Amino acid sequence: MATQKPRAPKINVEKAVGLIFYNIEKVSKKIGIKETSDTYLKVFSILNSYNKELKQIKRINTFLFSEGKSKMEAAQKEAIENRDPTPLRLANKEVTKTFKPIISIIEEKDEKLNLELEEILSAKQLKKWKKYKASVKKK
C-alpha cells in the first residue's frame, strides 16, 4: 500500500497581502443600502475608486506576486518531499519581507476606505460593513 503525499494548499499571494476587491452590489445588500438612495451612489463611487486603486497596485506588482508565488510553491514542494518545514518558513520570511511595502500601502487604502464610509454610513450600516469586511478577509 502506497502512502499518499500530503496535498499542498493553494497559495494565493494577492489574498495574503490583503488585496480584496469588493463587489458593490453584494456590499450594498449586506449593509442594507437601497440602490435608490443617495448613500448608495456615494458608497458606489467610494468602493469603485478603492477597487481601481487596488487594481493599479495589483498591475504594478504582478511580477512580484508571481515571483513570490513560485518561490512559495517551490519551498512547499521541497518541504513536502523532505518532510521538513524549514524551507517553507525561510521562503515565507523572505516573501513577507518583499511584500511589506505593498501590505502597508494596502492597509493605508483600507484605512482611508473605512474613514470615507464612516462619514456616510449610519452606525448600524457601519457595524454591518465591519462585520462583512471581516468575514471577507477570513475567507
Side-chain angles (χ1 to χ4, degrees):
M1 225 192 255
T3 56
Q4 272 190 324
K5 271 189 174 178
R7 245 184 52 217
K10 281 256 183 269
I11 295 172
N12 187 341
V13 179
E14 291 166 20
K15 195 158 223 129
V17 296
L19 266 182
I20 298 171
F21 299 98
Y22 294 105
N23 178 328
I24 297 162
E25 281 77 41
K26 203 173 194 178
V27 170
S28 64
K29 200 178 282 181
K30 288 281 183 187
I31 62 177
I33 301 174
K34 289 187 175 69
E35 284 190 38
T36 51
S37 68
D38 290 340
T39 310
Y40 177 83
L41 293 173
K42 289 175 186 167
V43 170
F44 180 89
S45 74
I46 289 170
L47 287 177
N48 218 4
S49 67
Y50 175 81
N51 284 342
K52 276 182 187 166
E53 287 173 358
L54 287 193
K55 279 181 187 148
Q56 188 83 350
I57 292 170
K58 181 181 172 181
R59 188 183 56 75
I60 291 168
N61 297 296
T62 302
F63 177 72
L64 258 182
F65 289 153
S66 62
E67 203 176 61
K69 184 177 180 176
S70 55
K71 235 180 231 173
M72 288 301 291
E73 285 171 345
Q76 200 173 45
K77 200 175 190 178
E78 189 183 331
I80 289 171
E81 283 172 9
N82 301 333
R83 295 181 182 267
D84 176 22
T86 312
L88 195 58
R89 268 200 298 268
L90 292 173
N92 196 7
K93 227 180 226 174
E94 190 182 326
V95 171
T96 306
K97 200 167 127 186
T98 310
F99 291 149
K100 270 269 194 294
I102 302 168
I103 293 170
S104 64
I105 291 170
I106 293 169
E107 285 172 348
E108 280 175 31
K109 304 257 181 233
D110 223 31
E111 196 60 42
K112 186 179 154 213
L113 172 69
N114 284 336
L115 291 172
E116 286 178 356
L117 288 175
E118 272 177 32
E119 289 175 18
I120 56 170
L121 296 177
S122 68
K124 190 178 174 184
Q125 289 169 333
L126 197 60
K127 190 177 176 184
K128 287 181 182 179
W129 160 250
K130 286 180 179 172
K131 188 177 176 183
Y132 172 71
K133 190 174 154 192
S135 75
V136 170
K137 279 192 174 188
K138 266 186 207 165
K139 285 183 187 173

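Everything quoted here is computed from the prediction, not taken from an experiment.
- You'll find the side chain of Lys133 reaches within 4.5 Å of the side chain of Asn114, heavy atoms only.
- For the atom pair CD of Glu73 and OG of Ser66, the computed distance is 10.5 Å after rounding to the nearest 0.5 Å.
- Cluster annotation: Phe65 and Ile103 are assigned to the same hydrophobic cluster (Ile/Leu/Val/Met/Phe/Trp/Tyr, side-chain heavy-atom contacts under 4.5 Å, transitive).
- Atom CG of residue Asn48 and atom CD1 of residue Ile24 lie 4.5 Å apart, to the nearest 0.5 angstrom.
- In the hydrophobic cluster analysis, where Ile, Leu, Val, Met, Phe, Trp and Tyr join through side-chain heavy atoms closer than 4.5 angstrom, Phe99 is grouped together with Ile11.
- Nearest heavy atoms, Leu88 versus Ala79: CB-CB, 4.2 Å.
- At a threshold of 4.5 Å between non-hydrogen side-chain atoms, the residues Lys130 and Glu118 count as touching.
- Atoms CD and CE, on Gln76 and Met72 in that order, are 7.0 Å from each other to the nearest 0.5 Å.
- Side-chain contact between Leu113 and Lys109 is absent, with no heavy atoms from C-beta onward closer than 4.5 Å.
- Between Ile120 and Ile46 the shortest side-chain heavy-atom distance falls below 4.5 Å.
- Across every non-hydrogen atom of Pro87 and Glu78, the tightest pair is CG-OE2, 3.6 Å.
- Every residue was checked against the side chain to side chain donor-acceptor pair (under 3.5 Å) condition with Glu116, not counting sequence neighbours, and none meets it.
- The two residues Thr39 and Leu121 have their closest heavy-atom pair at CG2-CD2, 4.0 Å.
- If you take CD on Gln56 and OG on Ser49, they are separated by 12.5 Å, rounding to the nearest 0.5 Å.
- In this structure the side chain of Lys34 never reaches within 4.5 angstrom of the side chain of Tyr40, judged on heavy atoms.
- Closest heavy-atom contact between Tyr132 and Lys30: CD1-CG, 3.6 Å.
- Nearest heavy atoms, Asn51 versus Ile20: OD1-O, 4.3 Å.
- Applying the side chain to side chain donor-acceptor pair (under 3.5 Å) test to Lys137 and every residue at least two apart in sequence or in another chain returns Asp110.
- Put simply, NZ on Lys26 and OG on Ser28 are 11.5 Å apart, with the number rounded to the nearest 0.5 Å.
- One finds the OG atom of Ser104 at 13.0 Å from the CD atom of Glu111 (value rounded to the nearest 0.5 Å).
- Using a 4.5 Å heavy-atom cutoff, the side chains of Val43 and Trp129 are not in contact.
- A single hydrophobic cluster is seen to contain both Leu47 and Phe21, as judged by linkage of ILVMFWY side chains at heavy-atom distances under 4.5 Å, directly or through other members.
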